[in-house]
Amino acid sequence: MTSFLQATSYGLLQGGLLAMIAIGFSLVWGVMNVINLSHGAYVLLGAYIAWELHAAWGLDPLLGAVAAGLVMFGAGYAVQRSLINQVVNAPIFLTLLLTFGLQLVLVQGMAVVFSADYRSIATWYASESLPIGDVRVPSGRLLAFGVAILATVVLVTFMRRTRTGLAILATGMDRNAARLMGINARHAYALTAGIAAALAGAAGALVGLVGTFSPPDAARFTLLSFVISVLGGLGNMYGALLGGLVLGVVQAWAGQYLPGTWVNAVAFAVLVAVLIVRPSGLAGRAFYEARVEAT
Amino acid sequence: MSRSAVAWALGAAVVVAGMVLLPSQLYTGQVRVVTAVLMFVALAQAWNIIGGFTGYACFGQVAFFGIGGYATAVLMEHANWSFWAALPVSALGCAAFATLIGLPLLRLRGHYFAIATLGVAEGMREVVTNLGWLTGGGAGITVPTVGGRGTAWLGNDGFYLLFLTLAGLAVGVATLIARSRFGYGLRAINQDEDAAAAAGVNTTRAKVLALTISAAITALVGSAYAFQQVTIYPQRLFDVDITVIMIVMVVIGGAGTVLGPIVGAVGLQFVSEYLRQHYPQEHILVLGAVIILVVLLFPSGLTGVAGRTGLLDAIWAYRL
Amino acid sequence: MTAPSKTPRALETPFLETRDLTRRFGALRALSGVSLTVAPGTILGVIGPNGAGKSTLINVITGHLRPTAGTVCVDGVDVTGAPPWRIARAQVARTFQIVKPFRGMTVRENVAISAMYGPARGMSKRMAFELADGMLDRLDLTGLAARSPAELPVGDARRLELARALAARPRLLLLDEVMAGLRDAEIHSMVQLIRSLRDSEGVTVLAVEHVIKAIVAISDEICVLHHGEVLTCGAPQAVLSDPRVVQAYLGTRYAQRDGSS
């Protein structure tokens with residue numbers, strides 16, 4: 001029983017972090033119908049920014065997350081404005097190819113600059129653990145979880161309560177109508193991409209806080225973002241949070257009770273099963289189900 | 001036989017003869033490079049059938065490559081089959097697999113289909129990695145090629161001919177499809193699936209059949225690749241990069257044409273071979289940059305660019 | 001329900017019959033309990049304001065949407081819930097309100113595909129193209145045969161849509177606003193064509209239309225849909241002079257013009 005609770009709590013904490021990574025991916029997918037295959041590379045860029053700041057000035061990774069988020073916001077905005085906006089209405093394999101090419105450049109670039117060695121950001125508190133009943137919870141993971149949930153709630157509030165957020169959501173619903181209302185779609189898209197990159201980058205710093213990372217991990221973060229977005233329903237932000245928690249727990253249980261590396265297969269089994277049985281996601285309706293496609 | 005058909009047959013015969021005689025004019029290293037080009041011609045053409053003609057962006061194509069390779073290795077290692085028996089059986093088994101997954105997955109459209117197939121490919125890699133007693137797991141499996149077991153390794157020239165045959169087969173199948181009623185049905189599905197169904201195209205059957213044919217060809221190539229490599233690993237045989245390279249080749253050349261994937265495969269494979277030799281450290285980085293440039297500069301493929309110069313009319317007229 | 005004095009036509013088995021056809025989108029009832037019959041070789045016009053469920057009706061009949069409840073019978077065969085291609089092969093052809101040409105093919109190939117995959121399957125490619133050429137000629141599209149459908153003006157695009165439907169040699173033709181956006185001369189020739197399909201080839205037609213003048217000219221019977229329900233059915237002039245229909249759905253302007261026309 002203890003091991004079950006231990007695995008479940010670990011899964012929830014990990015799931016919160018995964019949700020923070022995936023929510024931007026889901027937002028981009030929902031608003032501009034683009035699958036950003038370089039999303040996982042953004043996570044690692046954030047991790048390396050936090051790592052460098054920690055190594056150079058001893059900056060705590062929780063502050064490093066803020067710095068990484070700011071830098072990645074600019075990077076995400078620029079990449080969208082200069083590259084992805086060019087193909088946003090093209091057939092899907094073109095956007096997939098473009099972002100895959102970007103992923104290759106970023107991951108290989110990081111491997112050249114930082115080497116492929118595994119790194120982590122060591123802090124005095126990360127490996128301390130709080131006993132809750134019989135379960136021991138690492139404080140670093142708990143902190144990361146808290147930050148991830150907070151970031152998600154702030155994002156949802158921003159999207160639903162501010163003019164800018166609503167303009168972005170409206171652009172995703174119907175680009176032509178949004179344009180008629182004076183919304184600059186290119187700017188709205190770039191803002192969306194910037195927000196997604198910022199969350200991914202900040203989450204990357206937290207990844208460095210709770211564990212190790214290396215450039216080839218990028219593809220795994222992208223794939224998990226897929227799975228979570230699909231679980232949560234396309235563009236549904238609270239759905240992505242729920243999807244992240246569900247996936248984290250399912251993976252933790254699989255790691256606990258399945259032999260070998262079957263745990264890696266579980267995410268894909270969940271993905272394919274959900275796509276076939278309930279393509280609109282676990283959390284009910286996808287936000288953009290009734291989207292008007294731009295012509 | 002009409003005069004133009006005779007001209008086409010003669011032209012094809014000259015190309016085939018030239019290709020068969022080519023290795024005698026090349027160094028061993030060059031033969032290997034051309035062999036790899038032929039392999040990618042076959043793979044790109046196979047992806048073209050589902051992705052180019054039908055318009056279903058299959059991002060899990062490497063699953064069929066890996067299944068073909070592993071089926072062959074397992075049959076040769078554990079059942080002592082010869083390669084020549086394992087090759088067609090692997091392809092048939094993979095075709096059956098593609099039919100089974102195609103029925104539910106081809107109901108999905110757009111990104112959902114792309115991601116679901118990607119999930120299948122990644123999942124298959126994990127399955128193969130975890131069935132160590134059968135597949136050797138992450139440590140790989142070795143195809144028997146010596147000591148009277150299995151089939152003797154074919155040698156560089158032998159594999160050249162094998163991959164030449166597979167490339168010819170893939171191009172031949174794609175040509176037949178492009179000129180057939182079935183090909184019109186696939187293009188109709190690609191361009192407007194609702195209208196295709198309203199015109200009487202059995203869309204489910206056509207899509208599943210396209211995926212099955214595409215998977216069978218891909219599995220043949222995977223099977224031959226496994227035999228050529230002798231020892232295979234799940235990481236390599238199910239590498240998502242192989243899928244992406246197929247797609248890049250088709251996109252560069254022009255999706256939905258027969259000529260496009262050939263042009264794309266030859267062009268990209270020579271470029272990446274050049275990069276590998278001259279920039280061993282950074283060649284993947286440069287490849288990424290090439291992909292980005294191609295998408296931005298030639299979104300409709302090189303055959304699309306050729307179209308602006310009038311060549312496209314000829315290509316379409318002959319359904320190349 | 002039905003008047004006691006039935007015309008001989010109503011005694012025949014209907015070629016198309018929908019019974020209690022209902023389709024919901026979430027909470028919205030796009031169709032509710034629609035029962036219609038179309039006798040063989042006749043033309044039924046369906047009119048109604050925007051959002052009345054006219055296009056939904058066609059989409060449910062052709063299998064592009066599944067009905068929530070109710071049945072569709074074509075020539076006495078229950079085809080409810082069958083996939084669109086199977087219904088197409090029962091010699092049911094349709095046009096789309098928003099035209100859906102195959103944009104990567106020529107006009108001629110667009111028409112030939114219907115001939116290849118329509119009910120007369122097994123037709124060789126060469127025969128399909130010959131049939132397509134005949135259809136292009138009949139619809140005055142021969143000059144555009146090699147063009148891309150993406151370049152066509154509205155009138156030609158609607159004729160291409162119809163040519164595609166006709167190349168499948170339909171016994172039942174479902175027209176979704178084929179007159180929309182056409183000029184008067186084009187409407188006139190479209191009316192002539194649809195009449196000739198009924199009179200010389202015995203095709204049964206269900207036409208959804210906004211252009212009242214045209215629908216009156218072709219229909220043997222007219223049904224009015226409103227909020228997904230059948231408001232009334234009957235002879236064109238009787239339906240149009242029904243005060244509820246005139247005031248609620250056609251507006252007072254048509255009522256005034258009606259006297260002068």
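So you know, we letter chains A, B, ... as the sequences are listed, proteins then strands, and number each from 1.
For the pair A/Phe100 and B/Thr243, the minimum side-chain heavy-atom distance is 4.5 Å or more. Side-chain contact between B/Arg107 and A/Ile276 is present, with at least one heavy-atom pair separated by less than 4.5 Å.
For the pair B/Ala116 and A/Val272, the tightest heavy-atom approach, listed with the atom from each and the gap, is O-CG2, 3.8 Å. The shortest non-hydrogen separation linking B/Val251 to A/Leu94 is CG1-CD2, 3.5 Å.
Sequence neighbours left out, the pairs with a member in residues 37-47 of chain A that pass side-chain hydrogen bond (donor to acceptor under 3.5 Å, both in side chains) are A/Asn36-A/Ser38. Residue pairs satisfying the side-chain hydrogen bond (donor to acceptor under 3.5 Å, both in side chains) criterion with at least one member in residues 46-68 of chain B, sequence neighbours excluded, are listed as follows: B/Gln45-B/Asn48, B/Tyr56-B/Glu193, B/Tyr56-B/Lys207, B/Gln61-B/Ser214, B/Gln61-B/Thr218.
Of residues 117-126 of chain B, those residues lying under 4.5 Å from chain A by any heavy-atom pair are B/Leu118, B/Gly119, B/Val120, B/Glu122, B/Gly123, B/Glu126.
Within a 6.0 Å sphere centred on OH of B/Tyr279, heavy atoms belonging to other residues, nucleotides or ligands number 12 at most. B/Arg276 CZ: more than 12 foreign heavy atoms inside a 6.0 Å radius.
For the pairing with A/Val105, the side chain to side chain contact (heavy atoms under 4.5 Å, CB included) check across B/Ile291, B/Leu287, B/Leu285 returns one residue only, B/Leu285.
Residues that satisfy the ring-ring contact (aromatic ring centres under 6.0 Å, His included) test with A/Phe226, not counting sequence neighbours, are A/Phe25.
Comparing A/Val112, A/Leu97, A/Val270 by heavy-atom pairs within less than 4.5 Å of chain B, the highest count is held by A/Leu97. With respect to chain A, the highest number of heavy-atom pairs below 4.5 Å among B/Val240, B/Ile247, B/Leu293 belongs to B/Ile247. Per-residue heavy-atom pair counts under 4.5 Å with chain A were compared for B/Val286, B/Val295, B/Asn130, and the maximum is reached by B/Asn130. Chain B forms more heavy-atom pairs under 4.5 Å with one residue of A/Leu96, A/Val87, A/Leu83, A/Leu223 than with any other, namely A/Leu96. In terms of heavy-atom pairs under 4.5 Å with chain A, the best-connected choice from B/Val127, B/Val250, B/Thr129 is B/Val127.
In this structure, chain B has heavy atoms under 4.5 Å from both the backbone and the side chain of A/Leu98. In this structure, chain A has a heavy atom under 4.5 Å from the side chain of B/Ala57, while its backbone stays farther away. Contact annotation for B/Phe59: only side-chain heavy atoms (C-beta onward) come within less than 4.5 Å of a heavy atom of chain A. For chain B, no part of A/Leu106 is nearby; none of its heavy atoms comes within less than 4.5 Å.
Separation of atoms CD (A/Gln108) and CD1 (B/Ile284) is listed at 4.5 Å; rounding is to 0.5 Å.
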